[in-house]
Amino acid sequence: MKTTIKEAKHYINQEVTIGAWLTNKRSSGKIAFLQLRDGTGFMQGVVVKADVDEDTFQLAKDITQETSLYITGVISEDNRSDLGYEMQVKSIEIIAEAHDYPITPKNHGTEFLMDHRHLWLRSKKQHAVMKIRNEIIRATYEFFNNTGFTKIDPPILTASAPEGTSELFHTKYFDQDAFLSQSGQLYLEAAAMAHGKVFSFGPTFRAEKSKTRRHLIEFWMIEAEKAFCDHNESLEIQEQYVTHVVKSVLENCKLELNILERYTEKLEKVTTPFPRITYDDAVEFLKEQGFDDIEWGEDFGAPHETAIANHYDLPVFITNYPTKIKPFYMQPNPDNEDTVLCADLIAPEGYGEIIGGSERINDLALLEQRIDEFELDPESYSYYLDLRRYGSVPHSGFGLGLERTVAWLSGVEHVRETAPFPRLLNRLYP
Ligand code: 4AD
Ligand code: MG
């Protein structure tokens, strides 16, 4: 019977064949332990000299790392392994030998591993991170489909910039100038006026010269937009969505969290509602904490966000930032016109901002004024202004960065390990 490592649990005490790669091995004169992986999981194969023919035992001792093979044997329960079972091997058929595999069980530096990202993806921890990423993607579709959002795909090649012009990737669109999308928001706003509740999930590009553990040049963003929705209602959707994602990962990725040695006590505490603190109060709090470098009107850096997050130990919304440090489209705060109706969601444990969101300006004259103040070309935003010309309604939305969320939930230090092939300031290969 041909099966996989994951499905082998249904074949205890039965003989099966699995297509696999060898990741590591250990042997003595009488027994060989083969560490196997097949994409669905990792499992040990035990080859006992007395139970197999001489050639098979010799083969088991000689197999090299990352050789591909079909392996046949009986699945037996084993409480010491992650999965709870292993294989008592009967025979091995080599598919293709691998020699001098560059990534050996010894320690390699990160740059070396990143140069070999196409191979590094095979390792147990990297495999676990991608599984968690996959679960976040699955839970995202589940959440938005279950709550009545329609998926709308905004374009990648665009003529307008939602988040400021300094970080745009320029390209030629025949004889016109174009940019790679830095957010699908403006198009989602148009779609929300057609469908009410919409979301998107796609790649976004930021030519940011940032070399931090939170910045990628290309990342995936989940964005949602809702018509007839004020900022507070949007915050409720955000906290429900994030809670759903956290719970799904805790429930469906136990093995992966274990492999990553992720401490989950803090994740288990994540539940709605999330604490909220205004930007004004956050500045006061930081001053009390001894941050002398922060003045009202300045954006927070990573140390500021971490100090605020540590205080709550939960995801926390920082609301109502100063107008002058946020994009042109945000609705003014009626209680203080120097601030806007927006929030950043800061993840605990130092993972930083994972969501940016706001209520959008719905008044035509005000939006025209803001486009003018930001020195944006009104012609490229004409379609966006139309949304205010023809039946404008209050509406709000947000965007969650996938890779930062993967980093937080899987507990990896740097976002470069959360994308299969990360695009970084100094990396376009492999
Ligand atoms: O805060 P940002 O820039 O918000 C927007 O783009 C809005 N238009 C979204 C909306 O309202 N529809 O980006 C949203 C999120 C951030 O909170 C962060 O998680 C992630 O995208 N992000 C990045 N992730 C990795 N690398 C980068 N360079 C990122 N820039 C933003
Ligand atoms: Mg932001």
Side-chain angles (χ1 to χ4, degrees), residues 133 136 140 144 149 152 154 158 160-169 179-192 197-226 229 231 234-235 237-238 241-242 245 279 299-302 304-305 309 315-319 321-322 325-331 340-347 351-361 384 395-409 412 414-419 422-425 427:
R133 179 181 168 113
I136 296 171
T140 293
F144 287 109
F149 283 76
I152 295 287
T158 66
S160 57
E163 299 299 309
T165 46
S166 61
E167 301 166 352
L168 286 172
F169 265 106
F179 316 109
L180 298 184
S181 174
Q182 57 173 189
S183 161
Q185 179 192 321
L186 307 191
Y187 296 100
L188 274 191
E189 287 183 52
K197 294 160 80 172
V198 294
F199 76 108
S200 66
F201 195 159
T204 37
F205 306 87
R206 305 261 169 116
E208 266 178 283
K209 294 258 152 63
S210 300
K211 208 178 163 185
T212 78
R213 67 187 187 94
R214 297 170 180 179
H215 284 91
L216 291 163
I217 304 300
E218 175 181 308
F219 64 96
W220 283 64
M221 182 150 57
I222 295 113
E223 295 185 87
E225 198 70 32
K226 185 175 179 210
C229 176
H231 183 54
S234 172
L235 294 186
I237 298 169
Q238 293 171 44
Y241 165 47
V242 170
V245 165
Y279 171 90
D299 209 355
F300 296 142
H304 306 119
E305 288 179 354
V316 49
F317 287 115
I318 306 179
T319 65
Y321 281 79
I325 55 170
K326 286 292 180 188
F328 73 96
Y329 52 71
M330 292 189 180
Q331 177 76 13
V340 280
L341 294 178
C342 74
D344 284 357
L345 182 67
I346 313 299
Y351 287 94
E353 179 202 326
I354 54 169
I355 293 185
S358 66
E359 186 165 329
R360 326 304 192 184
I361 293 175
Y384 190 62
H395 61 288
S396 304
F398 62 91
L400 172 135
L402 175 64
E403 288 78 7
R404 288 192 193 172
T405 308
V406 178
W408 168 39
L409 298 185
V412 304
H414 198 298
V415 285
R416 66 186 161 213
E417 287 183 44
T418 66
R423 297 295 170 238
L424 302 160
L425 201 52
R427 184 170 294 284

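First listed ligand is number 1; within each ligand, the first listed atom is number 1. One is the number of the first residue; the rest follow in order along the sequence.
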(message) Main chain of Ser181, side chain of Thr204: is a donor-acceptor contact present, judged purely on distance under 3.5 Å?
(response) no

(message) Using only atom types and a distance under 3.5 Å, with no angle test, would you say the side chain of Glu223 pairs donor to acceptor with the backbone of Gly184?
(response) yes

(message) If I compare all heavy atoms of Trp220 with all of Glu403, which pair ends up nearest, and what's the gap?
(response)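 Minimum heavy-atom contact is N-OE1, 3.1 Å.
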
(message) Holding to ring-ring contact (aromatic ring centres under 6.0 Å, His included), I want the full list of residues that pass it with His304, two or more places apart in sequence or in another chain.
(response) Phe291

(request) Let me know which protein residues bring a heavy atom to under 4.0 Å of ligand 1; chain then number is fine for ordering. (result)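 Its neighbours under 4.0 Å (heavy atoms only) are Glu163, Ser183, Gln185, Arg206, Glu208, Arg214, His215, Leu216, Phe219, Met221, Glu223, Tyr329, Glu353, Ile354, Ile355, Gly356, Arg360, Gly397, Phe398, Gly399, Gly401, Arg404, given by chain and number.
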
(request) Using the test side chain to side chain contact (heavy atoms under 4.5 Å, CB included), find all partners of Arg214 that sit at least two apart in sequence or belong to another chain. (result) Thr212, Ala302, Glu305, Thr306, Arg404

(request) State whether a side-chain donor-acceptor pair under 3.5 Å links Tyr329 with Glu189. (result) no

(message) Between Tyr351 and Thr405, is there a side-chain donor-acceptor contact under 3.5 Å, judged purely by atom types and distance?
(response) no

(request) Report the distance from atom CG of Leu345 to atom CZ of Phe398, rounding to the nearest 0.5 Å. (result) 10.0 Å

(message) Could you measure the distance from the OG1 atom of Thr158 to the CG atom of Leu186? Nearest 0.5 Å is fine.
(response) 9.0 Å

(message) Taking 2.8 Å as the distance threshold, tell me the number of protein N/O/S atoms next to the Mg ion (ligand 2).
(response) 1

